[in-house]
Amino acid sequence: MAEFSMLGTRAVNVEDISKATGSAQFTSDLFLPGILTGKILRSPLPHARIKYIDTARAMGLPGVKAVITAEDTQKSKYGVFPSTRDQYSLAVDKVRYVGDEVAAVAAVDEATALEALKLIEVEYEELPAVFDPLEAMQEGAPVIHDQWPNNLSIDVEIVYGDVEQGFKEADYVREDRFVLDPIAHAMLEPYAVVAKYDPSGVLDIWMPNQSPFTKRRALMRAIGLPMEKIRVRKSFIGGAFGGRSEMFSADVCAALLSRKTGKPVKITYTREETMACTRQKHPFIIDVKTGVKKDGTLVAKEFKVIADGGAYHSTGGIAISNPPSQYLALMHVPNFHYLGKRVFTNKSVRGAMKGHGNQQLRFADGVQLDIIARELGLDPVEIRLKNAVKTGDMALNGNSISSCAVQECLEKAAYAIGWEDRTTAAKQKNEHLKRGKGVGIASMYCGFSMGIRSGSGAMIKMNEDGQITLFTGVPDNGQGNHLMMAMVAAEVLKISLEDINVVAADTELTPQDPGSYSMSAAYVSANAVKRAAEDTRRQLFAVAGELLEASIDDLELNERKICVKGSPEKHISIAQASWAALDRGKHILGTGSWRKDLGDQSKVDFVQGKIDGEVTGALGYGAAAVEVEVDVTTGKVKVLKAVGAQDCGKAINPRAIEGQIEGCMSFGVGQVFNEQLIWSKGSLLNHGFINYGIPTSLDVCQQVESIIVESVDPDGPFGAKEAAEAVGVAIIPAIVNAIYDAIGVVIKELPITPEKVLRAMGKETGGGETK
Amino acid sequence: MTGEKEIICFKVNGEACKLDVSPNQTLLEVLREQLYLTGSKEGCDDGSCGSCTVLLNGKPVLACSTLVMDVQDKEVLTIEGLAKGGKLHPLQQSFVEQGAIQCGFCTPGLIMSAKALLEENHNPSEEEIRQGIAGNICRCTGYQKIITAISFAAGNIITEEVK
């Protein structure tokens with residue numbers, strides 16, 4: 001028998017058929033009888049006190065069924081971390097950014113709802129606003145939250161060893177500043193909620209999400225319904241990338257409007273609302289100071305990070321404290337100092353997005369590493385291989401490295417890009433076009449401690465035909481999580497994917513799960529599924545053992561059959577065993593839970609900047625290698641080839657992993673060249689795809705190669721870990737380093753526009769660049 | 001505001017329709033909210049994402065930017081009209097088999113754009129495919145497997161026609 005029957009195959013996702021035929025229902029596709037349209041009234045001002053709100057005229061408009069303000073809510077603040085809860089679902093006394101939610105209406109149709117919004121009278125007392133994080137930290141800056149009078153949302157310091165001593169001992173020290181602009185998730189599906197409140201006291205609610213259980217708990221607090229009366233149901237989700245992990249105002253508004261009207265209510269955000277009024281990616285200003293020996297060995301590393309968090313906390317603690325811990329899980333350095341500040345400004349709220357701070361830090365660190373390598377006459381690949389962690393190492397903060405193949409990823413990616421061929425002749429295509437190659441590496445967590453939500457549960461119900469329904473709490477935002485779970489169950493039970501229905505991400509039907517935002521699906525959720533399948537197998541063997549008159553230890557599964565080892569003619573089908581069980585009054589019902597024991601978590605707290613201990617059970621690792629071509633007359637850069645190598649532990653579905661690698665690399669191209677959110681006095685100017693710069697088929701790299709590396713993690717299910725955020729983080733410094741290789745100048749600000757390239761080369765540009 | 005209604009007659013996926021619509025309604029609104037053909041999606045507010053692409057008399061149009069009154073007496077083909085008698089269109093088959101679908105929100109619009117492309121150009125090169133789908137945004141896949149799927153489908157459609 002082959003080692004695996006299902007794992008490693010390029011299985012087809014049956015859910016894709018629903019997507020390909022248009023029958024897959026996303027939240028906005030749901031139509032329930034009598035459904036009303038909801039709309040939210042938003043603040044036009046970046047910072048103001050609310051003096052009064054009068055909804056009478058809006059209520060009087062024919063077709064309007066309900067209008068709500070903060071008075072209709074519990075007036076409780078929400079937010080992921082208890083210590084930093086600061087956001088109301090509808091503003092109580094103040095608005096803090098253009099788009100902040102003030103009131104909501106439900107009406108018979110969209111036109112009426114929009115008209116009603118215009119009739120809601122709000123008197124604001126405008127307050128001075130602040131938009132720049134450096135200004136916001138100054139004495140005398142407008143105070144955005146009274147609780148944090150210095151506008152510091154997160155302010156942490158992390159120290160290991162003695163960096164000052166380290167810098168003294170280093171042969172070479174350098175400091176650089178790097179800046180990244182904020183970017184948008186720009187997932188294709190605009191945010192939407194459908195809420196249906198039943199008079200019996202039960203709320204059914206649908207919305208794109210990354211954890212229905214997180215949503216349920218937050219809703220419970222916000223609307224005052226007991227948890228079991230709130231059912232967050234599964235719908236197809238049009239992308240997330242970190243931007244759907246928290247509760248949003250629309251969740252509460254739709255629920256309350258439904259309760260008030262007795263009808264289902266649908267709120268669909270416009271693209272502008274989705275980009276400006278959900279979450280964005282944190283812009284960072286990063287000062288990196290590094291000390292190395294002349295052979296490239298790291299001696300001391302210091303980061304000073306300032307992140308513009310926008311108007312509320314969101315998951316700010318993670319954005320600030322996750323990057324240093326991921327750094328230490330990637331590189332060995334004996335002395336480390338990190339200062340991280342997340343600052344409030346009167347702009348859209350910044351939260352989790354693809355790497356959640358890690359991507360920003362790796363850009364800065366990865367590019368500086370290349371500068372150091374060049375200054376010391378070292379190979380950028382070699383300097384990374386020298387300092388990167390290996391399997392079995394212990395990171396400086398006490399995180400064990402259970403499996404790590406980043407060296408292999410880097411070697412393979414470098415080889416695939418033709419790293420050895422970087423001659424002057426190879427680089428100079430002609431007098432206008434210069435080519436260069438660059439690499440980057442990264443780590444990525446497979447989940448982290450989230451209290452009771454750290455682990456996952458799964459259930460399997462077998463019918464009399466031997467087919468199963470698999471219940472798992474993990475959402476699928478397009479990564480193929482549900483297929484992955486089915487494949488793990490199929491592998492253990494030796495059945496086909498056609499034998500499996502997946503019921504997922506429904507708080508009423510499925511067990512709890514961490515959610516898909518913490519990169520834990522392959523490592524945590526799939527482990528719970530594996531255990532549920534193993535439990536199912538035990539129950540099958542108990543029945544089969546009797547029927548076959550064999551010891552349970554002598555049984556094995558193969559192609560829907562339970563066989564006696566060594567005597568394949570002695571077998572019964574799984575269907576027969578299930579039928580026989582039912583005949584004996586036994587139902588085959590498998591359950592499994594899994595959570596990585598991370599030990600003492602008392603010194604792990606992202607909000608406080610504490611990362612001492614096992615922050616995560618396992619990390620995925622990735623490397624990217626890129627070749628670019630720079631037109632030195634125009635400053636335009638083309639990515640000729642991109643190679644992504646991901647250590648995913650064990651490839652459950654190689655095709656899905658390739659899709660993740662390719663997708664992550666195209667995100668990287670967008671972030672490096674095209675994407676940037678542009679502001680004026682707190683208003684987002686480019687809030688549509690048309691002026692935002694999301695890459696089209698013509699913009700992405702035309703030649704991509706995906707490499708899968710398997711380090712077989714000891715705890716991952718069959719060795720599996722996340723894929724492929726690590727590549728998505730590594731690609732960014734790889735592209736910037738390739739440009740450096742091509743034209744000999746480093747550009748330390750993203751996005752890299754043609755003007756920046758020309759300016760970096762010391763050339764005049766056509767006109768000024770607006771910021 | 002909704003104002004007075006007009007009657008419009010057109011064909012959708014081969015079936016004749018007669019509807020009361022407002023003159024300012026878009027084709028997308030009518031498809032989704034009156035005919036419950038929710039396969040065509042609304043991804044943006046400004047005609048820039050391509051998720052609402054349908055074929056109007058065989059030509060690809062953005063349903064969000066097409067007034068419903070402009071489809072009087074015309075034929076509209078949406079994603080729901082592609083599969084015949086339970087059999088997937090070669091493009092749908094190919095998208096599924098090649099792993100060209102992740103979240104799936106852009107998929108209907110992409111498949112319709114690809115269908116229009118393949119009707120115009122039976123055997124497009126990779127560059128021609130990239131050009132042909134440049135009006136459809138995908139955030140998840142990086143387009144690589146989408147291009148492969150369209151290429152495969154082109155081959156399969158030619159093979160079917162030869163048969």
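Below, read A as the first sequence line, B as the second, and so on, with proteins coming before strands; counting in each chain starts at 1. Since we're looking at a predicted model, the values are computed, not measured.
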Name the member of [options] that forms the most heavy-atom pairs with chain A at distances under 4.5 Å.
| options | answer |
| --- | --- |
| B:Q93, B:Q98, B:Q92, B:R130 | B:R130 |
| B:A100, B:G81, B:G99, B:C106 | B:G99 |
| B:G43, B:G132, B:A134 | B:G43 |
| B:L37, B:L110, B:V96, B:T107 | B:V96 |
| B:I111, B:T38, B:T78 | B:T38 |

Inset, instruction - For A:F31, look at atom CZ and say whether over 12 heavy atoms of other residues, nucleotides or ligands are found less than 6.0 Å away. - result: yes
Inset, instruction - Answer yes or no: are there more than 12 heavy-atom neighbours, outside B:E120 itself, under 6.0 Å from its atom CD? - result: no
Legend entry - Lys/Arg N to Asp/Glu carboxylate O, B:R139 vs A:E675, below 4.0 Å: yes
For chain B, which of [options] has the most heavy-atom pairs under 4.5 Å?
| options | value |
| --- | --- |
| A:S666, A:G478, A:G663, A:S697 | A:S697 |
| A:E658, A:H687, A:M275, A:E15 | A:E658 |
| A:T270, A:V12, A:V669 | A:T270 |
| A:E272, A:Q25, A:R655 | A:R655 |
| A:N691, A:N13, A:I690, A:I661 | A:I690 |
| A:F236, A:F241, A:F667 | A:F667 |

Legend entry - Residue from B:C140, B:S51, B:C44, B:C138 passing side chain to side chain contact (heavy atoms under 4.5 Å, CB included) with A:L188: B:S51
So what's closer than 4.5 Å to chain A heavy atoms on [X]: side chain, backbone, both or neither?
| X | result |
| --- | --- |
| B:K145 | both |
| B:I137 | both |
| B:F105 | both |
| B:L88 | side chain |
| B:E127 | side chain |

Legend entry - Exercise: do B:Q102 and A:Q660 side chains pair donor with acceptor under 3.5 Å: yes
Inset, instruction - Look only at the side chain of B:Y143 and the backbone of A:P695, and say whether a donor-acceptor pair between them is shorter than 3.5 Å. - result: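 Yes; judged by distance alone, with no hydrogens or angles, the pair exists.
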Are side-chain heavy atoms of [X] and [Y] found at a separation under 4.5 Å?
| X | Y | value |
| --- | --- | --- |
| B:R32 | A:D29 | yes |
| A:T21 | B:E80 | no |
| A:E110 | B:E29 | no |

Inset, instruction - Could you grab the distance from atom SG of B:C49 to atom CZ of A:R271, nearest 0.5 Å is fine? - result: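 Spacing of SG (B:C49) from CZ (A:R271) equals 7.0 Å.
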Inset, instruction - To the nearest 0.5 angstrom, please state how far the SG atom of B:C103 sits from the CD atom of A:E189. - result: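 With rounding to 0.5 Å, SG (B:C103) is 7.5 Å from CD (A:E189).
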Inset, instruction - Would you sort out whether B:Q144 and A:M665 count as a side chain to side chain contact (heavy atoms under 4.5 Å, CB included), showing the intermediate values? - result: CA-CA 11 Å; B:Q144 196 62 40; A:M665 293 206 288; over 6 Å; no
Residue part contacting chain B, namely of [X], when any heavy atom lies under 4.5 Å:
| X | answer |
| --- | --- |
| A:I17 | both |
| A:S28 | both |
| A:A186 | both |
| A:H185 | backbone |

Inset, instruction - Give the intermediate values and the outcome of side chain to side chain contact (heavy atoms under 4.5 Å, CB included) for residues A:E662 and B:T141. - result: CA-CA 6 Å; A:E662 290 159 11; B:T141 67; over 6 Å; no
Inset, instruction - Mind listing the closest non-hydrogen atom pair of A:A20 and B:I101 along with its distance? - result: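 The answer is CB-CD1, 3.9 Å.
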Inset, instruction - Might you work through the side chain to side chain contact (heavy atoms under 4.5 Å, CB included) test for A:T37 and B:E33, ending with a clear yes or no? - result: CA-CA 12 Å; A:T37 301; B:E33 294 177 27; over 6 Å; no
